[in-house]
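These notes are about the structure you will find just below.
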Amino acid sequence: MSYSIVWFKRDLRWQDHAALAHAAQNGPVRCLYVIEPSLWAQADVALQHFEFIRESIQALDAHFRSLGGEIEVHVGELPLVLSKLWQESPFENIYSHQETGNGHTFARDIAVNKWCQQHQVVWHEFPQFGVVRGLKNRNRWQAAWEQHMAQPIEEIESLRFWKANSVTPLTMLAPQHLQHNPPLRQRGGRPLALATLNSFLKARSIGYRGGISSPLTAPDACSRLSAYLTYGCISMREVVQMTRAQIAQIPPQAVKQRSGLTAFISRLYWHCHFIQKLETEPDIEWQNMHRGYDNLREHEFNLAYFEALKSAQTGWPMVDACVVMLKETGWLNFRMRAMLVSVAAYPLWLHWRPVGEWLATQFLDYEPGIHWSQMQMQSGTTGINTTRVYNPLKQAQDHDPYGKFINRWLPANRHVAPLLDLAVATREAKSKLHARRQDPLVRDGKNEVIEKHASRKVFSKTRAAHIKQPVQSNQMGFDF
Ligand SMILES: Cc1cc2nc3c(=O)[nH]c(=O)nc-3n(C[C@H](O)[C@H](O)[C@H](O)COP(=O)(O)OP(=O)(O)OC[C@H]3O[C@@H](n4cnc5c(N)ncnc54)[C@H](O)[C@@H]3O)c2cc1C
């Protein structure tokens, strides 16, 4: 009896899973996750990512077992694993979600596509976020996002497994070279994703507005859904629909919660907006979004500064405390992430690529599209965003005035002198960047980046009513 392969990647759920739902309509399914050694040898992965995936697959497998099936985990390169399965028992269809991953998964997808053509296997790919493959025109993007989020949740009427009731125990061992698994990180799996969303929608969202900037309040005030979205334990559409349903339910006097949830939805939008940049231009993982900023920092990388940053020894307590928190928990709020990158990019004058590689291993929620776009934005190499420089001393005053956060993560008796004079180094960095920005060639190149990547979300109140023309917004609509 023939079957369809459902290839799970970063979509580790059974509900609202377009690939699984469509495969189920076509007969028995064989669910597959592949541990690709070459992928796990990349510089941007860590043990914490593997373990989170393992926990999520365990939850998925437990669900499938309750229905008499399983998810098979194979180790090997793609498309070799597909060849082996196909030779043992041929199949005609593969179902999966589209993935906007790093350069490695992009190249692997090209190889899988070629293999499918050679073996007359049809590969059905479905979008899982509001990200548009082959997008021609950014002006229509917002409408496409809304349309994706409004579609009904994918339901499975009946799921038949290939070789039902002959399941084998799930084994999933981490490649031995992998390192870094923060003791206090979030755990994977759909049940935990749902519990996190529910506690946020019902209670924690009250603290979202006003609570997300300080690293003291943010761990509770933020939704904490990022890792669950990155690995697809819950779908973006489920989160958007459940949030909108909650907004519709809360009483009119719950003003704070309503505005928190509305602000949260705008972050969900930004999630896809940033991933779209990498989907449209995969090179931004490696190259400056605006090539006019090439050779600005590339040849001045100070390894000693980088080591000091990674080992929480910059001498700026707010920076060092954030590095320690990140090491212990795998998570930081947006403002503190932006501050870390800003310190690396301006006073320390470090190029975003090595810093981004290190942070990718530290962030449990590492999502290449958001990560590389944000690394570039906070480093001033997109050419379209206003330079934002976060002063770590001011951040400490504003967001940790009594030193509670710093005391929580740094030893009380530590004496580390600052690496350099913050004010002088920041001033020099800004003037180097601004000199580049004034270059006529750099100014001219800006329009091309705007055309390709800038958000069209903000509509001019005066013009929109008359001509429905989107006004390009180069700024993110955040109000931290
Ligand atoms: C340098 C840098 C790197 C980052 N790398 C990542 C990353 O690899 N993965 C990641 O998910 N987020 C990344 N972010 C964005 C943001 O910091 C995290 O999404 C957020 O801290 C996750 O916590 P949360 O789920 O509680 O956020 P919430 O505030 O509850 O937001 C809800 C969701 O919205 C999305 N979101 C929130 N803020 C942003 C943003 N600024 N840009 C795009 N999407 C956003 C995320 O999916 C998040 O889960 C990065 C930010 C910076 C400055």
Side-chain angles (χ1 to χ4, degrees), residues 10 44-46 48-49 52 100-102 128-131 145 185-186 193 196-197 199-201 204-205 207-215 217-236 239-240 242-243 260-278 285 322 325-326 329-345 350 352-353 355-382 385 388 390 455 457 475-480:
R10 293 193 291 137
D44 56 357
V45 298
Q48 62 169 334
H49 303 142
F52 191 93
T100 309
N102 60 11
Q128 77 158 339
F129 297 131
V131 174
W145 188 88
R185 72 165 166 82
Q186 289 173 285
T196 306
L197 176 60
S199 73
F200 178 69
L201 292 182
R204 292 187 295 113
S205 51
Y208 195 75
R209 280 252 183 223
I212 64 176
S213 289
S214 164
T217 47
D220 197 50
C222 290
S223 73
R224 309 301 308 277
L225 281 172
S226 52
Y228 298 111
L229 286 168
T230 291
Y231 295 103
C233 302
I234 191 162
S235 78
M236 179 56 87
V239 177
V240 170
M242 285 167 79
T243 307
L261 289 174
T262 309
F264 170 67
I265 296 244
S266 75
R267 265 56 169 202
L268 300 177
Y269 174 91
W270 285 112
H271 165 281
C272 304
H273 164 79
F274 278 100
I275 298 178
Q276 184 69 54
K277 293 176 196 268
L278 186 67
E285 183 187 352
C322 282
M325 172 173 163
L326 189 52
T329 68
W331 186 85
L332 265 185
N333 60 329
F334 175 86
R335 178 172 282 268
M336 294 302 120
R337 292 186 200 207
M339 181 195 70
L340 280 189
V341 178
S342 169
V343 165
L350 299 173
W352 53 265
R353 178 65 214 182
V355 177
E357 246 170 35
W358 163 62
L359 285 176
T361 65
Q362 303 295 300
F363 294 153
L364 177 64
D365 58 26
Y366 169 50
E367 173 68 59
I370 303 178
H371 189 70
W372 293 114
S373 308
Q374 282 288 351
M375 286 303 304
Q376 294 221 34
M377 197 167 131
Q378 304 305 336
S379 304
T381 55
T382 63
N385 305 101
R388 261 206 180 156
Y390 293 76
S455 165
K457 192 159 195 262
Q475 279 302 304
M476 299 200 308
F478 295 140
D479 50 350
F480 292 106

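Whatever order the structure lists them in is the order used to number ligands and atoms, beginning at 1. Throughout, numbering of the chain's residues begins at 1 and tracks the sequence.
Considering backbone and side-chain N/O of Leu225, one or more are found under 3.5 Å from N/O of ligand 1. Residue-to-ligand polar distances keep Asn333 apart from ligand 1: every N/O pair is separated by 3.5 Å or more. In terms of polar-atom proximity, Arg224 is counted as a contact of ligand 1, with an N or O under 3.5 Å from an N or O of the ligand.
Proximity to Trp270 (heavy-atom distance under 4.0 Å) selects the following atoms of ligand 1: 43 (C), 44 (N). The Glu367 neighbourhood of ligand 1 comprises atoms 7 (C), 8 (O), 9 (N), with distances under 4.0 Å to a heavy atom of that residue.
For the ring pair (Phe, Tyr, Trp, His ring centres under 6.0 Å) test, no residue two or more places apart in sequence or in another chain qualifies with His49. Contacts of Phe200 classified as ring pair (Phe, Tyr, Trp, His ring centres under 6.0 Å), with partners at least two apart in sequence or in another chain: Tyr208, Phe264.
Of all the heavy atoms of Phe200, none lies under 4.0 Å from any atom of ligand 1, so neither backbone nor side chain is involved. Residue Leu359 does not touch ligand 1, judged by heavy-atom distances below 4.0 Å. Contacts between Val341 and ligand 1 below 4.0 angstrom, taking non-hydrogen atoms only, involve the side chain exclusively.
By the 30° and 60° cut-offs, the orientation of the rings of Tyr366 relative to His371 is perpendicular.
Taking only non-hydrogen atoms, the option from Trp331, Phe274, Tyr366 nearest to atom 43 (C) of ligand 1 is Phe274. In the candidate list Ala345, Gly260, Pro368, Ser223, Ser223 is nearest to atom 27 (O) of ligand 1, counting heavy atoms. Of the candidates Arg388, Arg267, Arg335, the one placing a heavy atom closest to atom 36 (N) of ligand 1 is Arg267. With atom 29 (O) of ligand 1 as the reference point, the heavy atom nearest to it among Phe129, Tyr208, Tyr390, Phe334 is part of Tyr208. Compare His271, Gln374, His273, Met375 by their heavy atoms: the one nearest to atom 42 (N) of ligand 1 is in Gln374.
In this structure, Gln48 contributes its side chain and Gln362 its backbone to a donor-acceptor pair below 3.5 Å. Between the Gln378 side chain and the Arg388 main chain, no donor and acceptor come within less than 3.5 Å of each other. Within the 3.5 Å criterion, the main-chain N or O of Asp220 finds no donor-acceptor partner in the side chain of Arg224. Judged by distance alone, with hydrogens and angles left aside, the side-chain atoms of Thr329 form a donor-acceptor pair with the main-chain N or O of Met325 at under 3.5 Å. Looking only at distances, a side-chain donor or acceptor of Arg204 sits under 3.5 Å from a matching main-chain atom of Ser223. Side chain of Gln186 to main chain of Tyr228: no donor-acceptor pair is present (N/O by atom type, distance under 3.5 Å, no hydrogens or angles).
Proximity of Ile212 to ligand 1 is not established, as no heavy-atom distance is less than 4.0 Å.
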